[in-house]
Amino acid sequence: MAVVTAPRVALNEGALAELRTLLGDRLSTSGPVREHHGKDESYHPVMPPDAVAFANSTEEVSAIVKVCARHRLPIIPFGTGTSLEGGVAALKGGVTIDVSNMKEILRVSPEDLDVTVQAGVTRKQLNEHLRDTGLFFPIDPGADASLGGMAATRASGTNAVRYGTMRENVLGLTVVLADGRIIRTGGRARKSAAGYDLTRLFVGSEGTLGIITEVTLRLYGIPEAISAAVCPFESVRGAVDTVIATIQSGIPVARVEFLDELQMEAINRYSKFDMAVKPTLFFEFHGTTRGVEEQAEMVGAIARENGGLDFEWATRPEDRSRLWQARHDAYYAALGLRPGAKGWPTDVCVPISRLADAILETKEDLAASFLVSPVVGHVGDGNFHLVFLVDPDKPEDMAEATRLNDRLVERALRMGGTCTGEHGVGYGKMGFLAQEAGEAYGVMGDVKTALDPLNIMNPGKVVRVG
Ligand SMILES: Cc1cc2nc3c(=O)[nH]c(=O)nc-3n(C[C@H](O)[C@H](O)[C@H](O)COP(=O)(O)OP(=O)(O)OC[C@H]3O[C@@H](n4cnc5c(N)ncnc54)[C@H](O)[C@@H]3O)c2cc1C
């Protein structure tokens with residue numbers, strides 16, 4: 001993959017002085033702080049900004065943006081830096097605006113099942129806060145990401161098959177635009193036919209259209225009964241066909257995750273489990289006690305027809321937490337399969353009827369390759385992930401990962417799918433987005449230019465302009 005070599009925009013003394021007056025020691029130009037903000041959790045090289053501004057409020061973000069706009073400095077929003085496609089890299093230098101100090105939960109309305117938070121609140125912090133209310137927020141990317149970053153990447157996770165993604169769960173936003181204007185989009189009403197849906201425009205825009213400073217989210221009641229189970233299969237096809245039949249039968253599973261035999265081996269080692277090293281599904285069922293039993297019985301019957309072995313149940317809350325933590329740690333577990341390697345994570349999503357073909361063809365590619373890559377996925381949505389374990393200093397590793405990734409995405413697009421179900425585009429998948437969106441890619445560029453005519457908002461990501 002080519003590293004972007006766009007010229008850096010110099011941070012001049014005048015801009016630095018203005019930002020220092022605004023922020024004092026909350027403006028950092030220290031090497032380690034800049035390095036930390038120039039990298040995500042993947043193989044993408046570190047590209048540090050020239051300065052990092054730690055904002056405390058929407059008004060402060062607006063003031064910082066106005067300074068940057070006057071000096072035409074690139075702005076890179078930063079939540080927790082857990083994204084996977086180079087989204088936080090400062091490709092042209094500039095100022096990273098870190099919103100992680102914006103950690104206030106502004107309002108919880110249990111009677112309306114909604115909440116408004118500042119963008120730096122993380123998903124775990126929110127659920128901790130909600131613990132005594134009987135409510136929870138279900139979207140759970142593996143990392144404890146910020147809700148601003150999750151909105152910006154249109155994140156999802158293991159619960160999306162039942163509760164949707166950030167697209168379905170963000171009701172409204174406060175956004176600072178590229179000229180410093182502050183706007184509020186959407187609201188608390190469950191439906192609205194009022195005008196363009198700007199909320200959905202900003203959800204998934206990856207910091208290229210504005211900085212999200214507040215997010216209003218849907219909440220859900222904690223189900224009366226929850227049970228989780230693990231089921232190994234004799235074959236990948238058996239496991240995936242079980243998922244397809246479950247979804248097509250309309251069984252409202254809350255979670256259904258696929259892990260191939262390599263990923264199971266990695267999880268056993270990393271999370272100290274002793275599960276069968278076979279293609280495996282992790283399930284979770286939510287509902288009333290009777291409802292959960294019924295769902296489990298129906299899925300159990302489908303699994304048996306497809307060569308599923310015994311269900312192993314995790315009924316105690318602590319056993320369920322351990323199981324799902326292991327699933328969330330799958331990426332780090334995978335890295336352990338090749339010590340010293342970097343992870344090149346990638347994801348695609350296909351219509352559910354094409355899932356088995358997509359995964360089986362991908363597994364054939366991997367079997368014929370020298371690169372190691374486990375397969376894991378939120379398969380109830382048709383979404384699956386690979387992690388190529390690469391040594392970025394070895395050109396042959398990077399060339400092979402590029403080849404496999406190209407084939408993966410082309411396969412997904414051919415099957416009516418998308419180049420990324422949840423990780424986003426960053427700069428790693430820009431070429432694929434152009435291919436996927438066709439004529440609409442130009443319209444995305446028009447939107448970008450209309451909202452950010454100076455191209456200072458996270459330049460070089462998502463859509464190519466100028
Ligand atoms: C182990 C692991 C597992 C993961 N599993 C999943 C998963 O299951 N599902 C999933 O969807 N993702 C997953 N991810 C990816 C990542 O956690 C998500 O993309 C997450 O939403 C990023 O949030 P963040 O706060 O870390 O954002 P960052 O990495 O800080 O930023 C991501 C992008 O959003 C922009 N941005 C950040 N904050 C804002 C803001 N306030 N306003 C505007 N733009 C902003 C940034 O400029 C950047 O382009 C995983 C990552 C890891 C490391």
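Just so you know, ligand 1 is whichever comes first in the structure, and atom 1 is the first atom listed for that ligand.
- Side chain to side chain, S369 and E400 meet the donor-acceptor criterion of an N or O pair below 3.5 Å.
- Atom 52 (C) of ligand 1 has its nearest heavy-atom neighbour, among S42, S100, A143, in A143.
- Listed by number with element, the atoms of ligand 1 under 4.0 Å from a non-hydrogen atom of S146 are 25 (O).
- Listed by number with element, the atoms of ligand 1 under 4.0 angstrom from any heavy atom of A155 are 11 (O), 21 (O).
- Those atoms of ligand 1 that come under 4.0 Å of a heavy atom in Y332, given as number and element, are 1 (C), 53 (C).
- For ligand 1, the polar-atom distance check finds an N/O of G87 within less than 3.5 Å of one of the ligand's N/O atoms.
- Near E41, meaning under 4.0 Å from one of its heavy atoms, ligand 1 places the atoms 53 (C).
- At a 4.0 Å cut-off, at least one heavy atom of H378 sits close enough to ligand 1 to count as contact.
- Heavy-atom proximity to Y331, at under 4.0 Å, picks out these atoms of ligand 1: 1 (C).
- The heavy atom nearest to atom 15 (C) of ligand 1, considering only N383, T82, V387, is found in T82.
- S156 and T165 share no side-chain donor-acceptor pair at under 3.5 Å.
- With 3.5 Å as the limit, one finds no donor-acceptor pair spanning the side chains of T116 and E214.
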**Message:** For R407 and E410: C-alpha separation, side-chain torsions, deciding distance, then whether salt bridge (Lys or Arg N to Asp or Glu O under 4.0 Å) applies.
**Reply:** CA-CA 5 Å; R407 283 177 60 82; E410 271 153 27; over 6 Å; no
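- Counting protein heavy atoms only, atom 24 (P) of ligand 1 is closest to T80 OG1, 3.4 Å.
- Distances shorter than 4.0 angstrom occur between a heavy atom of L84 and an atom of ligand 1.
- If you look at Y220 and Y163, their ring centroids are closer than 6.0 Å.
- Under 4.0 Å from ligand 1, the heavy atoms of A152 that appear belong solely to its side chain.
- Close approach to G207 involves these atoms of ligand 1, each under 4.0 Å from a residue heavy atom: 43 (C), 44 (N).
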**Request:** Would you please test R107 and D114 for salt bridge (Lys or Arg N to Asp or Glu O under 4.0 Å) and show each step?
**Result:** CA-CA 8 Å; R107 178 192 57 80; D114 66 24; 2.7 Å; yes
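- In E422, the parts holding a heavy atom less than 4.0 Å from any atom of ligand 1 are both the side chain and the backbone.
- Between atom 20 (C) of ligand 1 and the options S156, A160, A145, the minimum heavy-atom separation is to A145.
- Residue contacts with ligand 1 include G81, since one of its heavy atoms falls under 4.0 Å from the ligand.
- Note on ligand 1: G210 sits in its first shell, one or more heavy atoms being nearer than 4.0 Å.
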**Request:** Evaluate the criterion salt bridge (Lys or Arg N to Asp or Glu O under 4.0 Å) for residue pair K124 and E128; output intermediate values, then yes/no.
**Result:** CA-CA 6 Å; K124 285 190 181 170; E128 191 62 30; over 6 Å; no
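- Residue-level proximity to ligand 1 for T153 is carried by the side chain, the only part with a heavy atom below 4.0 angstrom.
- T174 is listed as a side-chain neighbour of I182, based on a closest heavy-atom distance under 4.5 Å.
- The distance from ligand 1 to the heavy atoms of N458 drops below 4.0 Å at these ligand atoms: 47 (O), 49 (O).
- Residue contacts with ligand 1, taken as heavy atom pairs separated by less than 4.0 Å, do not involve D40 at all.
- Near G142, meaning under 4.0 Å from any of its heavy atoms, are these atoms of ligand 1: 3 (C), 4 (C), 5 (N), 6 (C), 7 (C), 8 (O).
- Distance from atom 27 (O) of ligand 1 to its nearest protein heavy atom, with residue and atom name: G149 CA, 3.7 Å.
- Taking CG from N405 and CE from M398, the interatomic distance works out to 10.5 Å, rounded to the nearest 0.5 Å.
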**Request:** Give the intermediate values and the outcome of salt bridge (Lys or Arg N to Asp or Glu O under 4.0 Å) for residues R327 and D140.
**Result:** CA-CA 11 Å; R327 167 63 190 91; D140 65 335; over 6 Å; no
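- Aromatic rings from F54 and H37 are positioned such that their centres are separated by under 6.0 Å.
- Atom CH2 in W344 sits 9.5 Å away from atom CG in L404 (nearest 0.5 Å).
- Considering only non-hydrogen protein atoms, atom 39 (C) of ligand 1 sits nearest to P77 CB, 3.8 Å.
- Residue H385 has no N or O atom closer than 3.5 Å to an N or O atom of ligand 1.
- The list of side-chain hydrogen bond (donor to acceptor under 3.5 Å, both in side chains) pairs with a residue in residues 443-462, not counting sequence neighbours, reads K448-D452, N458-K461.
- Ligand 1 has no N or O atom lying under 3.5 Å from any N or O atom of P141, backbone or side chain.
- To the nearest 0.5 Å, the span separating OG on S28 from CG on L19 amounts to 12.5 Å.
- The shortest separation from a heavy atom of F202 to ligand 1 is not under 4.0 Å, leaving the residue out of contact.
- Nearest protein heavy-atom neighbour of atom 31 (O) of ligand 1: V88 CG1, 3.6 Å.
- Remark: H378 engages H385 in a ring-ring contact (aromatic ring centres under 6.0 Å, His included) (not counting sequence neighbours).
- A donor-acceptor pair under 3.5 Å is formed between the side chain of R123 and the backbone N or O of A143.
- Taking any N or O of S83, backbone or side chain, at least one lies under 3.5 Å from an N or O belonging to ligand 1.
- The backbone N or O of M275 sits less than 3.5 Å from a side-chain atom of N268, completing a donor-acceptor pair.
- If you check which protein heavy atom lies closest to atom 42 (N) of ligand 1, you get I212 N, 2.9 Å.
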